[in-house]
Protein chains: 2
Amino acid sequence: MANADTKVSRKDAILDAAEALFAEHGYDGVTLRAIAARAGVDVALANYHFGRKHELFEQTFQRRAEILNTWRLEALEACRREAAPAAPSVRDIIDAYLRPLMTGPHLKEPGWRNYYGMVAYVNSSVTWGGQLMTRSYDPAIGSFIDALKEALPEAGDEAIYWGYHCLSGALTLAFAQTGRLDHLSHGKVCSTDLEGGYLQMVDFITAGFERIGRP
Amino acid sequence: MANADTKVSRKDAILDAAEALFAEHGYDGVTLRAIAARAGVDVALANYHFGRKHELFEQTFQRRAEILNTWRLEALEACRREAAPAAPSVRDIIDAYLRPLMTGPHLKEPGWRNYYGMVAYVNSSVTWGGQLMTRSYDPAIGSFIDALKEALPEAGDEAIYWGYHCLSGALTLAFAQTGRLDHLSHGKVCSTDLEGGYLQMVDFITAGFERIGRP
DNA sequence: ATGCTTATTCAACAGTTGTTGAAACATACT
DNA sequence: AGTATGTTTCAACAACTGTTGAATAAGCAT
């Protein structure tokens, strides 16, 4: 068995290449040969390590999902500790949801940028959206829904879930970084500036949830 | 020239088929042969009417975009008239933006359902998102941005545009109808119930914009 | 009918697709 | 040294891809 962590294995090189290409062109827009070429390996190697193309896509997607879930749950746990014995505020919960993903040094890494593009693609894909997002993210997100329900005891379930839908839609569209905001605002706002968007989105989304908390 | 409106022409049949397939599988996931088969015509006919695959995709997308823009601008004009001589409220503007698309009898038509799936795909696609959404929708959306700026004179441009980003992300994710909300809510909320989501989203998004209006 | 224009099909092209079985290479253990 | 095990490449497969030019059908004015 070749060493798995000191050097970047070819297996990881395939995942990195797949990530970048899937993010830009989607599942069907990418060929195994393009992935292999980018990774500097033979076509057959992807098949050896990951099986069908389908499974390579899912493993690429899953790899960083687990990291993001950890970051988020840690942030939620931290804000729970700080607020104890009271329940954390809506704003703290939204912040714990967005901050780990929209701020920090990892935003500079091309790998993370690519992965965010994949999330945008998957989340609004009819084929992948329902299954894959649910499998990869919903367990962690359940904790956030619970926290929101605690913070907003008056809000109905329907309002909570559609509120989360707005949050998820806004975040994943930000991940796409299509440059559309740049066009629309005539350059005043930059799609790729996730940290700038973070400040704005926390205010906006928090207000939305606080509103559904009072009848 | 064959008649263009009394009977469904084969040209329209191709657009309908393309719409349904592009919505489900994206641009690269659909072959011209699949479109032709669904439309009941030969492969070459798509090329004869629309040129390259690229152009067929864009024309399919554009066809209903113009209709949606008309509906929206009429709704905005109507709420402007009702509010005159005052400026329309934030809520009225958001309502004019969402109601024409999220309510009404056209939601029952499979053609519109398919088209909404296409919008979801295009909006968060790195390849298409920036260019095609901008070209098809941004002229009309400029009027909504202007109206929001009037209604929220204290809000900064950055906050307005990121607010619009949240609105757009939430709407297009709703269009995807991936069924994820159904999983997450254990069946309490239905992804495909756009009219139910409309009521919730108007409240949520309106609160977000009203918040950025006061410092 | 005769012509003329538009619509539609047919047949085929050159290139690409995911996948696979066998062969070659590398590494570690004995 | 040999040998066993895990990696990687090579070569090829059958099927499918977008696109095109020529052939056929349909529609319509004359």
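Just so you know, these numbers use all the heavy atoms, side chains as well, and skip hydrogens, waters and symmetry mates. A note on names: the letters A, B, ... follow the listed sequences, proteins ahead of strands, and every chain is numbered from 1.
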Could you give the [atom1]-to-[atom2] distance, from [X] to [N], as a whole number of Å?
X: B:His54; N: D:dT19; atom1: NE2; atom2: P; answer: 10 Å
X: B:Tyr27; N: D:dG18; atom1: OH; atom2: P; answer: 8 Å
X: A:Leu45; N: C:dA24; atom1: CG; atom2: C1'; answer: 14 Å
X: A:Arg52; N: C:dT17; atom1: CZ; atom2: P; answer: 17 Å
X: A:Asp42; N: C:dA23; atom1: CG; atom2: P; answer: 17 Å
X: A:Arg10; N: C:dC25; atom1: CZ; atom2: P; answer: 14 Å
X: A:Leu32; N: C:dT16; atom1: CG; atom2: P; answer: 15 Å
X: B:Lys53; N: D:dT19; atom1: NZ; atom2: P; answer: 8 Å

Can you check whether [X] and [Y] have ring centres sitting under 6.0 Å from each other?
X: B:Phe57; Y: B:Phe22; answer: yes
X: A:Tyr115; Y: A:Phe61; answer: yes
X: A:Phe204; Y: B:Phe209; answer: yes

Side-chain N or O of [X] less than 4.0 angstrom from OP1 or OP2 on [N]?
X: B:Tyr48; N: C:dT8; result: no
X: A:Asn47; N: C:dG18; result: no
X: A:His49; N: D:dG6; result: no
X: A:Thr31; N: C:dT16; result: no

(message) What's B:Arg33 touching, base or sugar-phosphate or nothing? Going by heavy atoms closer than 4.0 Å.
(response) base
(message) Both A:Val43 and B:Lys11 contact DNA chain C. Taking the nearest nucleotide for each, which residue is further toward the 5' end?
(response) B:Lys11
(message) So if I apply the salt bridge (charged side-chain N to carboxylate O under 4.0 Å, His left out) rule between B:Asp16 and each of B:Lys11, B:Arg38, B:Arg63, B:Arg113, which one comes out positive?
(response) B:Arg63
(message) Within the supplied structure, the quantity of interest is the number of heavy atoms (other residues, nucleotides, ligands) at a distance under 6.0 Å from A:Gln131 CD; does it exceed 12?
(response) no
